[in-house]
Novice: 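Quick one: the structure is below, and I'll ask about it shortly.
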Amino acid sequence: MGFKVAIAGATGNVGREMLNILSERGFPADEVVALASSRSTGTEVSFGDKVLSVKNLETYDFSDTDICLMSAGGDVSKKWSPKIGAQGCVVIDNSSAWRYDQDVPLIVPEVNPDAIAQFTRKNIIANPNCSTAQLVVALKPLHDKAKIKRVVVSTYQSVSGAGKEGMDELFNQTRAVFVADPIEAKKFTKRIAFNVIPHIDVFMEDGYTKEEWKVLAETKKMLDPAIKVTCTAVRVPVFIGHSESVNIEFENEITADEAREILREAPGCLVVDKHENGGYVTPYECAGEDATYISRIREDATVENGLNMWVVSDNLRKGAALNAVQIAELLINRGLIKAKKN
Ligand SMILES: NC(=O)c1ccc[n+]([C@@H]2O[C@H](COP(=O)([O-])OP(=O)(O)OC[C@H]3O[C@@H](n4cnc5c(N)ncnc54)[C@H](OP(=O)(O)O)[C@@H]3O)[C@@H](O)[C@H]2O)c1
């Protein structure tokens, strides 16, 4: 007998990708239920070769559902995840609502799989922010080898990270430029077409944005609280795929060649690093792929034991939907949940 899985937010960017990934990976589900707001009730979403009719989250009974993959935003998750968890359904949440809660494990399976055991405290597991997920997949094997002291990361984040409205805004503004229509900025604070915006999420008191703070708080929670992290998060006019320029200072010696070898063997990582035209990965090529791609690995001669690298991944997959499905697989493979209908 397989599991009953609900996708809350199934009409969104991440929810639709969750449905694709469950189907692609042959996830052991007997039944998959698509949920969204009352606005979407009765609309249809694809799941493999099937079509699912979307149900209303507000009126859905979770008592015989085993796993809820939640990607309906922070407010919805704050309201619904504890209620769903109390019905014995494990919530794997994509929003930032629970990531910093001490009783909720924040998991990237390649990085801190053992922390998952704490999920029983609330029946909620958090998925990290998209830019952090790909970053820690690349940092973890290097930290194990040479102990990271400090990381400086600059992100180049695609518009799909801001949901389907973000993608529509880039499309509509680009079209408006070509037909000389007025440009409307609603989702982003400035025009995103043919521009970049150094502002993601709200400003905090110290002048950093919440997105930048998330990268450091989540890296510390999952990898090592002793690592110092600083970040500049930038939105760029790319539909899918986040890129990151990462500068790392290590406690111990590590060469670019050693880092390349370690990352070649590391789970979830793919090294593409040739010193020639096109010998690196760009977000366009990573869309629809599962790996975290690492290119441009170089020694930084301005510090002791320093490296620079370029890290790219599909934000809707490793940054959200794929990681959530991998967490569900981890729960099942470790025997931490049993299907209710058995
Ligand atoms: N995009 C990324 O790269 C990424 C990465 C990591 C985490 N996340 C997180 O994942 C979540 C979803 O992101 P997204 O990019 O998929 O957003 P999205 O494309 O805007 O989709 C939002 C989804 O939430 C549903 N929803 C909204 N209000 C609801 C309500 N009151 N009750 C039930 N469902 C509701 C929407 O349903 P309707 O169609 O009915 O409105 C839709 O299915 C967010 O928390 C986001 O922060 C996103």
Side-chain angles (χ1 to χ4, degrees), residues 6-21 33-46 52-60 62 68-81 83-84 91-99 106-108 124-136 155-171 186-188 200-202 210-211 214-215 218 233 235-236 238-244 283 286-288 292 312-327:
I7 313 288
T11 53
N13 272 345
V14 175
R16 277 179 281 130
E17 207 60 50
M18 283 169 166
L19 288 164
N20 292 338
I21 291 171
V33 184
L35 305 172
S37 75
S38 54
R39 293 179 291 273
S40 305
T41 303
T43 59
E44 292 182 334
V45 289
S46 302
L52 306 179
S53 174
V54 175
K55 298 182 177 166
N56 184 356
L57 168 68
E58 300 236 354
T59 52
Y60 181 73
F62 281 88
C68 174
L69 302 178
M70 170 79 78
S71 70
D75 292 342
V76 176
S77 179
K78 274 186 202 144
K79 179 174 172 194
W80 287 99
S81 296
K83 295 180 187 173
I84 299 168
V91 178
I92 301 171
D93 182 43
N94 266 280
S95 78
S96 58
W98 304 97
R99 289 179 193 151
L106 175 67
I107 302 291
V108 169
I124 303 173
I125 302 169
N127 206 62
N129 179 39
C130 37
S131 33
T132 316
Q134 66 184 67
L135 178 68
V136 292
T155 71
Y156 303 70
Q157 297 182 221
S158 68
V159 294
S160 57
K164 52 193 177 188
E165 288 172 8
M167 296 180 87
D168 290 345
E169 187 146 313
L170 174 59
F171 182 87
K186 281 189 284 188
K187 185 74 184 170
F188 300 114
I200 302 179
D201 210 331
V202 295
K210 185 86 185 283
E211 185 80 358
K214 285 175 196 167
V215 172
E218 295 174 23
R235 188 74 70 195
V236 298
V238 166
F239 280 111
I240 293 175
H242 288 357
S243 309
E244 294 173 340
C286 83
T292 293
V312 186
S313 195
D314 181 330
N315 53 295
L316 300 178
R317 289 177 82 93
K318 188 59 196 168
L322 171 66
N323 198 65
V325 173
Q326 286 176 309
I327 292 172

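Computed from heavy atoms alone, side chains included, the values below leave out hydrogens, waters and symmetry copies. In listed order, ligands and their atoms are each counted from 1. A quick note: this is a predicted structure, and the numbers were derived from the prediction, not measured.
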Novice: Using heavy atoms and a cut-off under 4.0 Å, could you grab the residues that are in contact with ligand 1, chain by chain, numbers ascending?
Specialist: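 For ligand 1, the residues that come within the 4.0 Å heavy-atom cutoff are Gly9, Ala10, Thr11, Gly12, Asn13, Val14, Ala36, Ser37, Arg39, Ser40, Leu57, Ser71, Ala72, Gly73, Val76, Asn94, Ser95, Cys130, Ser160, Gly161, Gly163, Lys164, Asn315, Leu316, Gly319, Ala320.
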
Novice: Can you name the residues that form a side chain to side chain donor-acceptor pair (under 3.5 Å) with Thr155, not counting sequence neighbours?
Specialist: Gln157

Novice: More than 12 non-hydrogen atoms from neighbouring residues, nucleotides or ligands closer than 6.0 Å to NZ on Lys55, yes or no?
Specialist: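 It does not: Lys55 NZ has 12 such atoms or fewer within range.
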
Novice: Under the side chain to side chain donor-acceptor pair (under 3.5 Å) test, which residues partner Ser71, sequence neighbours left out?
Specialist: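 If we apply the side chain to side chain donor-acceptor pair (under 3.5 Å) test to Ser71, skipping adjacent residues, there are no hits.
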
Novice: With a 4.0 Å cut-off, would you call Arg99 and Glu218 a salt bridge?
Specialist: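 Looking at Glu218 together with Arg99, the answer is yes, because their closest N to O distance falls below 4.0 Å.
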
Novice: Going by side chain to side chain donor-acceptor pair (under 3.5 Å), name the residues that satisfy it together with Asn13, two or more places apart in sequence or in a different chain.
Specialist: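 Listed in chain order: Arg16.
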
Novice: Determine, stepwise, if the pair Asp93 / Ser81 fulfils side chain to side chain donor-acceptor pair (under 3.5 Å).
Specialist: CA-CA 8 Å; Asp93 182 43; Ser81 296; 4.8 Å; no

